[in-house]
Amino acid sequence: MSDSVATSSSVPSSSAVSPQFAKYKACFYDLLTWKNLYVSGGSFAGALIALYLFKYVNVVKLFFNFAYIALGTAIAVEFAGRTIKGGPGFVSSFRGNGNYFVISKDIVDPLFNEFTVLVNFLLVEFQQIVFVENFPLTVFAFVVSYFTYFLVHYVSLWSLAVVGVTVAFAAPPVYLKFQEEIDAQVAAANKIIDKKISELKVQANERLGKAAGIAKGYFDQALDKVGYKRNLPPVPAAEPVTTEPSPPAVPVAAE
């Protein structure tokens, strides 16, 4: 089992997806597209109930409340047993000579391996969205992120979570029902975006050419100011002229 677990370094691209990733992809697809009404409906209701409990039920307080009641009851029963029996109480003797309860490694290892595969599956899906390998999904993620950025200033995170769960379970069936119309609109938008990008490239090249010409003109003017002659062959340096020393003057004797 552990040999087949795909790590982030062993998944080269979206074209070579592990079969275990395909299993989770099919599972989420069937869940969010309501292939099984009972499973999808139960998951949707469970998610909403979990969000409701997270907001309105103090889980930490409830845990410690249950803990002190359970421990207090155990202490009372144990004390009563020791008083009556004169030895170990009812609670301490309940386990007898049996072993303590432990979790077997044979149970933990498969669960951990499945959890690793699930985490890697989510990482791969996230990277496919970031690198636009699934264009409609990336557009959908962009729209959700854009509106969430503004809504988070006015709506609580709990409300956004409820809306997110509702959209996650409602959007896929709507997309499948109107898939042709939505795909046509996405394709049209993609053509418009490509056209705008081409026009921007042409305008950028034109402006870059104009800017390069202006910069070249300023550069040539600067060279002219410093006396640099452009487009002319270099003038050879003049050779130094050597002068022969004059012969010493011969004195003339007086007659």
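Heavy-atom basis, side chains included; hydrogens, waters and symmetry copies ignored. The first residue in the sequence is number 1, and the count goes up from there.
- Rounded to the nearest 0.5 angstrom, Leu157 CG and Leu151 CG are separated by 11.5 Å.
- Note that CZ of Phe79 and CZ of Phe90 are 12.5 Å apart. Values are rounded to the nearest 0.5 Å.
- Inter-residue side-chain proximity for Lys105 and Phe112 is flagged as unmet; no heavy-atom pair is nearer than 4.5 Å.
- Phe169 and Leu37 end up in the same hydrophobic cluster when Ile, Leu, Val, Met, Phe, Trp and Tyr side chains are linked at under 4.5 Å.
- Of the candidates Tyr146, Phe140, Phe147, Phe147 is the only one forming a side chain to side chain contact (heavy atoms under 4.5 Å, CB included) with Val143.
- By the 6.0 Å contact criterion, CG on Leu200 is enclosed, its count of non-hydrogen atoms from other residues, nucleotides or ligands being greater than 12.
- Ring geometry for Trp34 against Phe44 counts as perpendicular: the plane angle is over 60°, on a 0 to 90° scale with 30° as the lower cut.
- Side-chain contact between Phe135 and Val132 is present, with heavy atoms from C-beta onward closer than 4.5 Å.
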- Task: Could you give me the CA-CA distance, side-chain angles and deciding distance for Ile75 and Glu78, then say whether side-chain contact (heavy atoms from CB on, under 4.5 Å) is met?
- Result: CA-CA 5 Å; Ile75 292 173; Glu78 177 68 15; 5.7 Å; no
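- A distance-only check finds no donor-acceptor pair linking the side chain of Asn190 to the backbone of Val186 [under 3.5 Å].
- Counting heavy atoms from C-beta outward, Leu48 and Val162 have side chains that approach closer than 4.5 Å.
- In this structure, the ring of Phe121 has its center less than 6.0 angstrom from the ring center of Phe28.
- Residues Ala47 and Val165 approach most closely at CB-CG1, 3.9 Å, considering heavy atoms.
- Residues Ile129 and Ala141 approach most closely at CG2-CB, 3.8 Å, considering heavy atoms.
- Residue Leu123 holds its CG atom at 9.5 Å from CG of Leu118, rounded to the nearest 0.5 Å.
- If you chain together hydrophobic residues whose side chains sit under 4.5 Å apart, Val144 and Phe142 never meet in one group.
- Taking each heavy atom of Leu32 and Ala168 in turn, the nearest pair found is CD2-O, 3.6 Å.
- Looking only at side-chain heavy atoms (C-beta outward), Leu31 and Val39 come within less than 4.5 Å of each other.
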- Item | Candidate pair Tyr175 and Asp183, rule side-chain contact (heavy atoms from CB on, under 4.5 Å), full reasoning | CA-CA 9 Å; Tyr175 171 74; Asp183 289 345; 2.9 Å; yes
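- Contact of the Leu51 side chain with the Trp158 side chain is registered, since non-hydrogen atoms from C-beta on lie closer than 4.5 Å.
- Open room surrounds CD on Glu180; 12 or fewer heavy atoms of other groups in view lie less than 6.0 Å from it.
- Nearest heavy atoms, Phe21 versus Val117: CE2-O, 3.5 Å.
- Between Leu160 and Val152, the shortest heavy-atom contact is CD1-CA, 3.9 Å.
- Gln128 is listed as a side-chain neighbour of Glu125, based on a closest heavy-atom distance under 4.5 Å.
- Residue Phe126 is not grouped with residue Val139 when hydrophobic side chains (ILVMFWY) are merged at heavy-atom distances under 4.5 angstrom, including chains of intermediate members.
- Residues Val57 and Ile49 fall within the same hydrophobic cluster, defined by Ile, Leu, Val, Met, Phe, Trp and Tyr side chains chained together at heavy-atom separations under 4.5 Å.
- Between Tyr56 and Tyr52, the two ring planes are tilted [angle within 30° to 60°].
- Not less than 6.0 angstrom separates the ring centroid of Phe64 from the ring centroid of Tyr68.
- The OG1 atom of Thr116 lies 10.5 Å from the CG atom of Leu111; values are rounded to the nearest 0.5 Å.
- Note on Phe178 and Tyr29: same hydrophobic cluster, where clusters join Ile, Leu, Val, Met, Phe, Trp and Tyr whose side-chain heavy atoms are under 4.5 Å apart, directly or indirectly.
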